[in-house]
Every structure is written in C-alpha cells, then in structure tokens.
> 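Would you mind keeping the following structure in view while I ask a few things?
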Amino acid sequence: MSFEQILGNDDLDGLPGGGLNIAHEAVDRHAKGRERDTVALRCIAKNGAVHDLTYAELGQNTDRFANVLRGLGVTKGERVFSLVGRSAELYTVALGTMKNGSIFCPLFSAFGPEPIHARLSIGGASVLVTTAALYVRKIAALRVTLPDLHHVLIIDDDAPPPGTESLPRLMRAASPDACIEATMPDDPALLHFTSGTTGAPKGAVHVHGAVVSHVLSARVALDLRPGDVYWCTADPGWVTGTSYGIIAPLVLGATVIVDEAEFDAARWYGILEAHKVNVWYTAPTAIRMLMKAGAEFAHGFDLSAVRFLASVGEPLNPEAVLWGREVLGHAFHDTWWQTETGAIMIANSADMAIKPGSMGHPLPGVTAGIVRRLQGGGVEEITTPDIVGELALRAGWPSMFRAYWGEAERYRKCFVDGWYLSGDLVRRDRDGYYWFIGRADDVIKSAGHLIGPFEVESALTEHPAVAEAGVIGKTDPVAMEVVKAFVTLKSGHAPSDALRRELLGFARQRLGAAVAPREIEFCADLPKTRSGKIMRRLLKARELGLLEGDTSSLETDG
Ligand code: ATP
Ligand code: MG
C-alpha cells in the first residue's frame with residue numbers, strides 16, 4: 001500500500017500542507033479526539049505501583065516538553081538523547097522531541113559510561129535527559145569531552161547536580177499547548193543505534209514517514225487493533241521498543257503497558273494476567289527463559305485475555321513456537337527486521353499458517369529477494385527455492401533508514417542495484433516462506449557444507465536438558481571449520497560427560513554427522529547483547545583466543 005493510500009485511511013491524519021509528524025499521529029489526534037480519556041500508557045514501577053496516563057495527559061506532557069526544548073533554543077534536527085529507565089518521562093521525552101522537530105535518540109539506561117559517551121559523541125547530542133544518579137555515575141566525569149552537549153535535563157530531582165537543569169521545574173513553567181513543528185515525511189525523527197552484535201554499533205536515522213510502515217506492519221504482523229491492551233517488552237533503547245513500544249500502538253489508540261523492571265517469570269505472567277494483555281511482543285531469549293521456568297508455572301496464571309503472541313530479535317526455535325501453542329494457548333509468531341529497516345519486513349502474520357522455525361512472508365508493500373554478491377560489485381538474484389543467499393529488500397519502503405549518522409560511505413555500501421543488503425543469510429521455500437540461516441558473519445563452513453548456527457542450536461534446544469545453545473565454527477586443519485556448541489542447561493540438570501555424549505548423539509541423529517557439533521561445552525551463561533542476543537562472535541573470539549572487538553553492548557552487571 002502506498003503512502004498516499006494509507007494517509008487516506010483512519011490510521012493516519014497527516015498535517016495540513018502535506019506535513020507528517022509521528023507525535024501528531026501517536027498522540028495529538030487522540031488527545032483531542034474520541035480517545036482522549038483512554039489510557040495511553042499504563043506504567044508499572046519496579047515496586048508494582050501502577051500509574052496511568054491518558055492520551056489527553058500525554059498530549060499535554062509532550063506539549064510541555066516541546067515547549068521546554070523551544071525555550072532552551074533547541075531547534076529542528078538537533079539530537080535529544082534520553083538515558084532513563086522505562087517510565088512515563090521517557091515516553092514524554094520521545095514524543096515531545098518529535099513535536100519539536102528534533103531527533104530523538106534513546107539509550108539503554110544500563111549502558112556503562114563508555115558506550116554512553118561513544119553514542120552521545122557520534123550523534124552530536126545537544127540535549128540529554130537522564131536521572132541525577134545516572135548523570136553523576138556515568139556522565140559527569142566525561143562531560144568536558146562533549147562540547148556540543150549544551151543541556152542536561154534531570155528528571156527526578158529538583159536539586160540537579162552542577163551543570164544540569166531540573167526537568168520538572170522547566171516542565172512546570174512551560175505551556176501545555178504547543179504548536180507542532182510542521183515536519184515533512186522525509187525529515188529525520190529518530191536516531192537508533194544497532195545492537196552491536198557483529199561489531200561497533202551504527203546510528204541508523206529514521207524519518208517521520210516511517211510511521212506508515214509502523215502502523216501497517218503492526219496491524220498485519222502483530223494483529224494490533226485500536227483499544228487493545230498491548231505489551232512490547234523491549235526497551236525503547238532498541239528499535240523494537242520505539243517502533244513497536246511507542247509509535248505503532250499509540251498511533252492505533254491502544255493502551256501500552258510500560259514495565260520498569262527487568263525479566264522475571266512470575267512478574268511477567270502476573271502482568272499479562274492482571275492487565276489483561278491482548279497482544280504481546282517479546283523476544284526469543286525471554287521465551288526460552290519462560291520455557292526454562294516450566295509449563296506448570298505458566299499454568300498458575302490466567303492468560304485468557306491474550307489473543308496474539310509475537311517475537312523478534314533472534315531466530316525463534318520451532319520448539320518455542322510450539323511451546324507457546326501448548327502452554328500459553330497461542331503459538332508465537334516470528335517477525336524479522338533490523339534497526340535499519342525500521343519496521344517488520346517479514347513475518348508469520350495473523351492471517352497465514354505458521355511454519356514453526358520460519359520467519360514467514362514479506363509484508364504487503366515489502367519486496368524481498370535472495371541475492372548473491374558478485375565479484376564485480378553487483379548482485380545476482382536467486383529465484384530457485386531453497387538456495388541459501390543474502391536477504392535483500394527493494395529500497396524505498398517508508399521506514400527504510402536514511403543514513404548511518406556520520407558514515408556516508410558505510411551507508412552507501414548497503415545498497416547495490418536498488419537492493420538493500422541485510423547481511424543475513426536465508427532461504428525461501430516453495431511456499432514463499434523465508435528461513436533464517438544465520439548472519440553472514442556467523443555462518444560456518446565445514447568440509448564443503450554451509451552450516452547455519454541456528455539450525456544446530458534449534459536441534460540442541462529440543463533436548464529436554466538444554467536451555468540455550470550458541471554455536472560457532474572452530475578452525476580445523478582438515479574441515480576448515482568444525483561445529484562447536486556452547487550449551488546452558490535447564491534447572492535440574494548438571495553437566496557431565498555422559499550428558500555431553502548424549503547430546504552429541506542426539507544432535508547427530510537429528511542433523512547428520514556433517515552438521516552436528518563435534519564439541520560441546522557446558523556453560524553457566526552465554527554472552528549476550530543488552531537486547532538479549534547471543535554474541536557468537538564473542539564465543540568464537542574466546543575460543544580462538546582472539547581480541548573480543550567492540551563489547552560496548554555486552555550484557556554485564558555494571
Ligand atoms: P549489529 O548490526 O550492530 O551487529 P544487530 O544486527 O544485532 O547488531 P539489530 O538491528 O538490533 O542489531 O538486529 C537485527 C538483526 O537481528 C537481524 O539482522 C538478524 O540477524 C537478527 N534478527 C532479528 N529478528 C530476527 C528473526 N526473527 N530471526 C532471525 N534473526 C533475527
Ligand atoms: Mg545488524
């Protein structure tokens with residue numbers, strides 16, 4: 001569906017004169033319309049306290065924040081960063097920034113000083129919104145090296161640290177009526193850093209026109225409807241937590257659950273039950289943790305309000321899809337996309353049969369292809385079913401990233417012959433379903449075979465003792481690489497040579513000797529990014545005794 005067509009339907013208004021602003025679509029038109037008293041955000045604090053914000057209230061708060069920025073002289077296109085936990089303020093800052101025509105860049109609040117500094121510096125932040133504690137602990141010492149950072153606004157404190165200003169004080173003084181900046185569809189709205197799974201994170205720039213993809217995909221791939229209670233567990237520091245944790249559900253007039261706390265099986269089931277969540281969007285790592293907690297545990301909760309379950313971020317093992325169906329009453333729908341694509345591109349959408357283990361079909365308006373890069377620089381499209389190649393997308397969909405901030409050459413290299421090249425390897429079956437093989441960097445070449453780590457990991461997680469598996473290629477003088485698996489176990493199972501032998505045999509039976517792991521190592525945890533993705537490149541670097549490269553988004557307790 002084209003941009004013009006979607007603007008003609010009820011989901012989007014547009015601004016007079018051909019303008020488009022995400023914050024108008026997500027907030028203002030509801031704040032002044034039928035949904036004004038509908039709960040927009042239901043914020044659950046770590047201690048369980050619940051605070052609701054209606055669309056009308058969110059409209060006023062975001063107007064105030066836009067006026068605060070205006071009062072500080074912050075203009076269109078300047079970068080406003082946030083470093084705060086999942087609280088109402090984060091959403092106010094996100095949408096108020098876009099109302100002002102400035103570019104919003106959310107950072108995950110658990111980052112350490114270095115990754116924070118790197119991102120503020122790369123993005124040329126002129127405003128940062130954070131808490132007094134985070135500022136003192138993580139930023140104050142490096143502030144002198146950030147000459148463009150003119151304003152640090154502190155959300156929780158009327159006595160802000162030196163060099164910062166109190167946001168509550170500024171908000172009280174600001175008018176609750178703002179005139180929204182008349183942005184155009186191609187004006188930048190968001191700067192999102194990638195997860196850093198394969199290297200140093202890149203800052204992807206997204207425009208206001210991306211909202212067209214957000215809304216369409218949420219309807220088709222998440223079955224999200226106006227009035228739904230909806231929970232996306234991703235932090236807005238990752239693109240999922242913004243595209244589908246803020247923008248899409250608010251544009252559709254849903255009630256968004258915002259949980260300040262991190263994963264806890266009892267808490268999460270409790271939220272699904274107590275708030276009667278209809279649509280739930282989460283990640284494979286969380287699903288695997290719920291599976292680890294067991295079916296019995298899940299059965300202690302009433303999840304009857306749930307209508308649709310979806311997953312993103314990593315390949316979703318078939319085992320997890322089926323577990324959803326058996327234990328939660330609905331299968332998980334896998335969705336594929338990236339920070340660069342801005343919105344879901346491929347999914348097991350609501351209206352089609354799920355093939356467990358497959359990412360599904362391209363969404364309406366998305367043209368996907370499978371290509372092989374040629375020596376001379378071009379690409380060749382592969383149309384034969386079941387041949388592995390690189391997943392490519394025809395450039396030009398509304399939420400396509402428009403730059404890597406400050407890295408023009410790197411951006412240019414992502415596009416060849418009108419295709420955006422994703423860096424992920426996939427195959428397409430005869431029914432048009434796409435199957436994830438692995439990131440191009442993670443694929444294992446062993447004795448003439450191309451082995452995707454996902455296939456091996458999925459086979460291992462079918463064994464009742466295995467919680468998670470991370471698979472890499474280990475250099476081998478004969479086979480080039482051999483498959484090695486790092487495995488964590490479910491509670492009640494302990495590492496032993498007997499179990500190792502059993503798992504090796506189990507995998508060989510399912511995968512065949514050429515693909516099955518040659519070695520299995522038990523570990524307590526797998527290294528993951530902050531967004532919960534297994535970092536295979538770290539497993540590999542450690543195995544080979546190499547430098548670990550950029551670890552700024554590694555999950556640590558710091
Ligand atoms: P970086 O680009 O910095 O290495 P990243 O690629 O992990 O990090 P994101 O943009 O957050 O950063 O993640 C997108 C990637 O996540 C995809 O390219 C793909 O490899 C993986 N991914 C996302 N969804 C799925 C899925 N449903 N199945 C398989 N892989 C997925
Ligand atoms: Mg990537």
Side-chain angles (χ1 to χ4, degrees), residues 106 108 115 118-119 122 190-204 206 217 221-222 234-245 281-285 287 310-318 320-321 332-349 354-363 368 390-393 399-401 404-405 407 410-411 414 420-427 433-443 452-455 457-458 527-538 549-555:
F108 188 44
R119 288 163 176 79
I122 293 170
L190 293 156
L191 172 62
H192 259 297
F193 285 92
T194 60
S195 290
T197 312
T198 51
K202 301 148 272 187
H206 289 286
S217 56
L222 303 180
D235 187 274
W238 313 115
V239 71
T240 305
T242 300
S243 294
Y244 298 99
Y281 196 20
T282 190
T285 177
I287 299 168
S311 163
V312 67
E314 279 197 299
L316 182 64
N317 317 94
V321 176
F332 280 99
H333 295 74
D334 192 15
T335 67
W336 178 93
W337 59 294
Q338 306 178 308
T339 309
E340 289 86 344
T341 70
I344 301 168
M345 299 281 107
I346 296 183
N348 289 279
S349 33
I354 295 178
K355 287 200 188 188
S358 157
M359 317 193 299
H361 278 275
L363 296 192
E390 183 168 356
L391 175 57
L393 301 162
S399 65
M400 185 178 87
F401 71 133
Y404 281 134
W405 193 270
E407 297 188 273
R410 195 175 197 179
Y411 180 74
C414 295
Y420 162 70
L421 304 180
S422 72
D424 284 349
L425 298 184
V426 299
R427 69 180 172 84
Y433 284 68
Y434 284 71
W435 298 77
F436 186 77
I437 304 296
R439 294 164 183 268
D441 297 358
D442 288 340
V443 167
F454 172 51
E455 188 185 4
E457 289 161 9
S458 283
K528 298 210 181 113
T529 63
R530 287 276 176 196
S531 51
K533 296 168 194 265
I534 298 172
M535 286 171 106
R536 294 176 192 80
R537 73 178 159 96
L538 276 198
D550 187 290
T551 54
S552 64
S553 47
L554 178 66
E555 187 185 48

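Start at 1 and go down the list; that is how both ligands and their atoms are numbered.
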> Among L393, V312, L363, I346, find the one that has a side-chain contact (heavy atoms from CB on, under 4.5 Å) with W337.
V312
> Considering only non-hydrogen protein atoms, determine which one is nearest to atom 12 (O) of ligand 1 and report residue, atom name and distance to 0.1 Å.
S195 N, 3.2 Å
> Between W337 and ligand 1, which part of the residue brings a heavy atom under 4.0 Å of the ligand: side chain, backbone, both or neither?
backbone
> Centroid separation under 6.0 Å, is that true for the rings of H361 and Y434?
no
> Quick one, E457 with R536, criterion salt bridge (charged side-chain N to carboxylate O under 4.0 Å, His left out). Give me CA distance, side-chain angles, the key distance, then yes/no.
CA-CA 12 Å; E457 289 161 9; R536 294 176 192 80; 2.8 Å; yes
> Walk me through it: do T242 and H192 pass the test side-chain contact (heavy atoms from CB on, under 4.5 Å)?
CA-CA 9 Å; T242 300; H192 259 297; 3.2 Å; yes
> Shortest non-hydrogen contact from P318 to S458?
CD-OG, 3.6 Å
> Please state which option from A283, G313, S311, A234 has its nearest heavy atom closest to atom 22 (N) of ligand 1.
G313
> Between T194 and Y404, is there a side-chain donor-acceptor contact under 3.5 Å, judged purely by atom types and distance?
no
> Checking a contact table here: which protein heavy atom is nearest atom 19 (C) of ligand 1, and how many Å away?
D424 OD2, 2.9 Å
> If every non-hydrogen atom of T339 is compared with every non-hydrogen atom of H206, which pair is closest and at what distance?
O-NE2, 2.7 Å
> Just going by heavy-atom distances, which of E340, R439, R537 is nearest to atom 15 (C) of ligand 1?
R439
> So which heavy atom in the protein is nearest atom 29 (C) of ligand 1, and how far is it from that ligand atom?
P315 N, 3.2 Å
> At what distance is the nearest protein heavy atom to atom 4 (O) of ligand 1, and which residue and atom is it?
T198 OG1, 2.3 Å
> Looking only at non-hydrogen atoms, which of K533, M359, K202, H333 approaches atom 14 (C) of ligand 1 most closely?
K533
> Is there a heavy atom in F436 that sits closer than 4.0 Å to ligand 1?
yes
> Has the side chain of S243 got a donor or acceptor atom that lies under 3.5 Å from a matching backbone atom of A343?
no
> Which bit of T339 is near ligand 1, meaning a heavy atom under 4.0 Å away: side chain, backbone, both or neither?
both
> Return the closest protein heavy atom for atom 7 (O) of ligand 1 as residue, atom name and distance.
T197 OG1, 2.4 Å
> Please work out whether any backbone atom (N, CA, C, O) or any side-chain heavy atom from C-beta onward of W336 is under 4.0 Å from ligand 1, and answer side chain, backbone, both or neither.
both
> So which heavy atom in the protein is nearest atom 26 (C) of ligand 1, and how far is it from that ligand atom?
E314 O, 3.4 Å
> Backbone, side chain, both or neither: what part of T335 comes under 4.0 angstrom of ligand 1, heavy atoms only?
backbone
> Is there a side-chain contact (heavy atoms from CB on, under 4.5 Å) between N317 and F454? Walk through the geometry before answering.
CA-CA 8 Å; N317 317 94; F454 172 51; 3.6 Å; yes
